[in-house]
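Okay, so here's the structure we're looking at.
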Amino acid sequence: MAHTNIPNYNPDEVERKWQAKWDADGLYHSDIHPDEKKFYALTMLPYPSGDLHIGHWYAMTPSDARARFKRMNGYNVLFPIGFDAFGLPAENAAIKHNIHPKKWTYANIDRMRTQLKSMGAMFDWRREIISADEKYYKWTQWFFIKLFEHGLAYRKMSPVDWCPKDQTTLAREQVVGEDRHCERCGTPVIKKDLEQWFFKITDYAEELLNFEGIDWPERVRTLQTNWIGKSVGALVTFKTEAGDPIEVFTTRPDTLWGVTFMVLAPEHPLVQKLTTPENQVNVEQYIMDAQRQSDIQREAADKEKTGEFTGGYAINPVSGERIPVWIADYVLMTYGTGAIMAVPAHDQRDFEFARKFKLPVKVVVQPAGAPKLEAGEMNEAIPAAGELVNSGPLTGTPGSESFERAVEYVAKLGVGHASTNYRLRDWLISRQRYWGAPIPIVYCKKHGAVAVPEDQLPVKLPEDVEWKPTGQSPLKLHPTWSRTTCPICGEPAERETDTMDTFMCSSWYFLRYLSPDDDKAPFDQKEYDYWMPVDTYTGGIEHATMHLIYTRFFHKALRDMGIVKGDEPMMQLRNQGMVLGEDSEKMSKSRGNVVAPDDLVKAYGADTVRAYLMFFARWDMGGPWSSGGIDGVQRWLRRTWTTLLEPAAAGKASEGDIKTLRRRVHQTLKAVTRDFESFEFNTIISSLMELMNDMSKLKEKVGGSAAWAEATEIYLKMLAPVAPHISEELWERLGKPYSIHTQSWPRVDEEAAREEEITLVVQVNGKVRERITVPAGIDEESAKKAALESEAVYRFLEGKTPKQVIYVRGRLVNIVV
RNA sequence: GCCGGAGUGGCGGAAUUGGCAGACGCGCACGACUCAAAAUCGUGUUCCCUCGGGAAUGUGGGUUCGAUUCCCACCUUCGGCACCA
């Protein structure tokens, strides 16, 4: 079978040739064409960490293939790329290798740009953005000022999460895991009281829970919903005996008559006042202990309850009962009001606390069906709703309306009202590090925090800075940089020396792709009106409660300022899984299980790597890399090469063979089209492999026919988004007009795709006994008749009469005996 | 504890609406070609079997003529949240 008269498939040569030509021709330039429908395909912008990782390829290749598919389907496609270039790793590498963060970052970008280009993606490089460029971060600062002007950026002193290794504060979203460690470096965080800048994302908590009109994965929606943590309840005001109000948030206003004590967070402002002299020493000791403990210790769920009695009492506003006020670290100052009403009969935490400190338990809810609750006999709290008992005027209220009735009651008394609480906190954006966009604020003695005027942007990041982390912002240590004048009064003033969280840069980057060089505005309005919103956004799920929630907030805030339109920036989101090492572990240099795409491209060519990444796992699931499997994909592309280039045999094709070929081609086209739409990339490749297997078998007979010409043309068009170089090369060698990537996606010939004969499965009692070939259009009567007459059925019926015969059109007959 | 995903051959995975379980590929075995090997091509490959069949999609039930698919309970595993009032 060896044919020596056709050239060998040399991926390296083919790929270099076409990448150069596409680049020279501007084949992937995306410009506004008002008469064409647009498609904005976006892949999450990479951090320039040094080398392009196989994970980047895994994320971007199918996104690129789908963008190409959309282009062939008549869309004017925008598929841009850029670099999320500010951030800690640059600074850490700078310290380690004593190289300036800027130099390190831009050298990495140069390397990664070359690596990205080897992928052969349809990126429009004219639109590349680098978030660390002055012309980019000028607008990041501009957005900060807009948020500031609209009251969505504010500064406050509060206990914040601090990473002792990276020497900076972190947003809550960037503190992860049970031991509450830094998302970047893994070091457990500590609390520090600092004055920091925040964005008021909590203003949008309710709206962020609404995913109507966007096609985002259930998983991301759940993660964001949990993160926002909505609780519906009521705020109720108790009073101390001295008359000071203590407001509590409760989700169970129906249990108000069951309150037997109150608990304040140790940091609660009323603690000092409430504490009686004889409890002073113990309370102060407890507060000090609580402060010393890390969050990890304090928030451990299985920890035994601790607390201290203040000696003070409060009055229950509905019952008038006098109840003791305690402090305990299970009540957090950062959630709700920092104080709770304790109902030990119906809340497990309060129950444990009451049992430990011998506080009374009072039953006020009797769930239907449960035995009558007796406080003395309970060994756990009963949180279920039910009929109210021992609840003053509300006694006898059924569980179904107890919540509403209780809220009405406290509202009538003027001591409370319905309220909703969210777990979401405002976004802390100050970072005490060098390599970020400076916060464009000036502090004036007279005017306080003043925004830098727009015409003075950008506030440039100086390069002559000692960047080693000291816990102080490096910009603060610069001898002159922070010295300036107040934009309002002109008096000497100080610049803010913290930089912004890099998630600020990535919250709006997809807008900068629209007009990366515009120096009048963050984006060009014409470009915006044509391209936005993003139609498909692809990337990892790890940003569900970081980037993806920030960018939605950002968009909504800009919408309310009239800067952008619509409620959401990205209409459809899809997440890829993760490529693991061959040992099924996360790839890491220390484990030595890293797969380098550059090596693979060298050995197999980009097309094989692309196709294998699309083939080897379900894209949304990912999985361990297997070095063996890639050979199969390489074999398939080589087979494609030889099958399409070998001269056709002179033989005459039979009508049956032609029909078979066309049927297979159009059936495959149908499946591939469907799978591109639904992100099922692995079955695209297997369908193409199957078709190639069939084509190579049929070629000897049909190689000279018009059907064969049609088959090769459709096959190459389907292959083009997956393997853009080899398909372009074969397209050219078959004498077709340049470029295959500007061709239209073929149309399915339904007539040709239709099966003429089908295999009818014959079951007896649900077990397959026979397969018979029948005409596709067979009617029910004939199908049943054919089944009953088959030899196997005769054997299995053993003379018995069928009780029932079930027919599924075009599929099977089941004979029930 | 709560929320969500996943469990199918030796391996990655496929199966459109409840209708042929294991497509496609890897690996393996055998064969062709070769002095030989590689490459390539071909055949086979879930398990058991008395060669008639039988069993099988994490486990146990249920619905159905028929369940990888729907329902209930559970196990394992991955991810998120977690003293959130």
Side-chain angles (χ1 to χ4, degrees), chain A residues 1-3 176-178 217-227 229-231 233 248-252 255 263 265 298-305 328-332 334-343 347-350 352-353 421-424 541-542 544-545 577-578 612 615-618 620-621 623-633 635-636 638-639 642 670-671 674-675 678 680 682-693 696 759-771 795 802-817:
Chain A
M1 284 288 278
H3 290 264
V176 295
E178 222 165 321
E218 171 80 38
R219 197 157 152 229
V220 174
R221 301 199 317 247
T222 305
L223 286 172
Q224 293 201 349
T225 303
N226 291 346
W227 186 257
K230 178 179 181 174
S231 298
V248 300
F249 174 73
T250 177
T251 55
R252 295 297 301 277
T255 62
V263 187
R298 204 173 143 172
E299 290 180 10
D302 50 359
K303 197 186 101 174
E304 187 164 345
K305 295 280 176 294
D329 63 7
Y330 82 91
V331 175
L332 311 172
T334 46
Y335 184 80
T337 62
I340 62 156
M341 56 179 230
V343 186
D347 181 283
Q348 186 59 25
R349 295 153 301 178
D350 300 345
E352 285 164 20
F353 195 82
N421 223 331
Y422 301 91
R423 213 184 60 100
L424 184 72
I541 190 131
E542 65 274 14
T545 58
M578 199 190 285
Y612 182 59
F615 178 65
F616 92 101
R618 265 182 64 169
D620 56 340
M621 306 258 279
W625 177 263
S626 145
S627 54
I630 196 168
D631 293 318
V633 172
R635 276 198 276 272
W636 161 58
R638 289 193 180 284
R639 193 137 102 126
T642 47
K670 219 170 158 174
R674 184 193 64 215
D675 291 348
S678 56
E680 289 172 88
N682 54 342
T683 47
I684 291 174
I685 310 299
S686 44
S687 295
L688 290 174
M689 285 173 167
E690 281 180 84
L691 180 58
M692 184 40 60
N693 289 346
S696 69
T759 304
L760 193 68
V761 171
V762 182
Q763 297 183 335
V764 177
N765 287 335
K767 288 201 165 67
V768 180
R769 296 301 180 190
E770 181 89 286
R771 294 180 174 90
R795 201 148 41 80
K803 237 187 287 180
Q804 199 185 347
V805 180
I806 290 148
Y807 173 65
V808 181
R809 200 165 62 86
R811 290 195 187 267
L812 60 71
V813 175
N814 187 12
I815 298 158
V816 186
V817 193

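Naming convention: chains lettered A, B, ... in sequence-line order (proteins, then strands); numbering from 1 in each chain.
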Using the [atom1] atom on both, measure [N] against [M] and round to a whole Å.
N	M	atom1	result
B:rA23	B:rU46	P	8 Å
B:rC65	B:rA82	P	49 Å
B:rU16	B:rU69	C1'	12 Å
B:rU77	B:rC26	C1'	25 Å
B:rG53	B:rC2	C1'	49 Å
B:rA15	B:rU43	P	25 Å

Identify, with sequence neighbours excluded, every residue that meets ring-ring contact (aromatic ring centres under 6.0 Å, His included) alongside A:F353. A:F261, A:W326, A:Y330, A:F357

A:N814 vs A:G629, nearer the 5' end of RNA chain B by closest nucleotide: A:G629

Closest nucleotide of RNA chain B for A:L223 versus for A:V808: which of these residues is on the 5' side? A:V808

Give the rounded distance in Å between these two atoms: [atom1] of [X] and [atom2] of [N].
X	N	atom1	atom2	result
A:R618	B:rG13	CZ	P	9 Å
A:W636	B:rG12	CH2	P	22 Å
A:R219	B:rG5	CZ	C1'	6 Å
A:R809	B:rG18	CZ	P	16 Å
A:D620	B:rA6	CG	P	9 Å
A:E218	B:rC3	CD	P	13 Å
A:R811	B:rU16	CZ	P	9 Å
A:I685	B:rA23	CD1	C1'	15 Å

Both distances under 3.5 Å, Watson-Crick or G-U wobble: on that basis, could you give the dot-bracket string for RNA chain B, with [ ] for crossing pairs and | for other-strand partners? (((((((..(((......[....)))((((((.......))))))(((....)))..(((((..]....))))))))))))....

OP1 or OP2 of [N] sitting under 4.0 Å from any side-chain N/O of [X]?
X	N	answer
A:N693	B:rG25	yes
A:T545	B:rC81	no
A:R423	B:rA82	yes
A:R635	B:rG27	yes
A:R769	B:rG54	yes

Return the CG to CD distance between A:D350 and A:Q348, rounded to the nearest 0.5 Å.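 Reported to 0.5 Å precision, the distance equals 9.5 Å.
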
Select base, sugar-phosphate, or nothing to describe what [X] touches, counting heavy atoms under 4.0 Å on all strands.
X	result
A:D347	nothing
A:S626	nothing
A:F615	base
A:D350	nothing
A:Q348	nothing
A:L812	base

Can you find a donor-acceptor pair, distance only, under 3.5 Å between [X] side chain and [N] base?
X	N	value
A:N226	B:rC81	no
A:R674	B:rU16	yes
A:K803	B:rC65	no

Ring centres under 6.0 Å, that's the criterion: do A:Y612 and A:W636 meet it? no

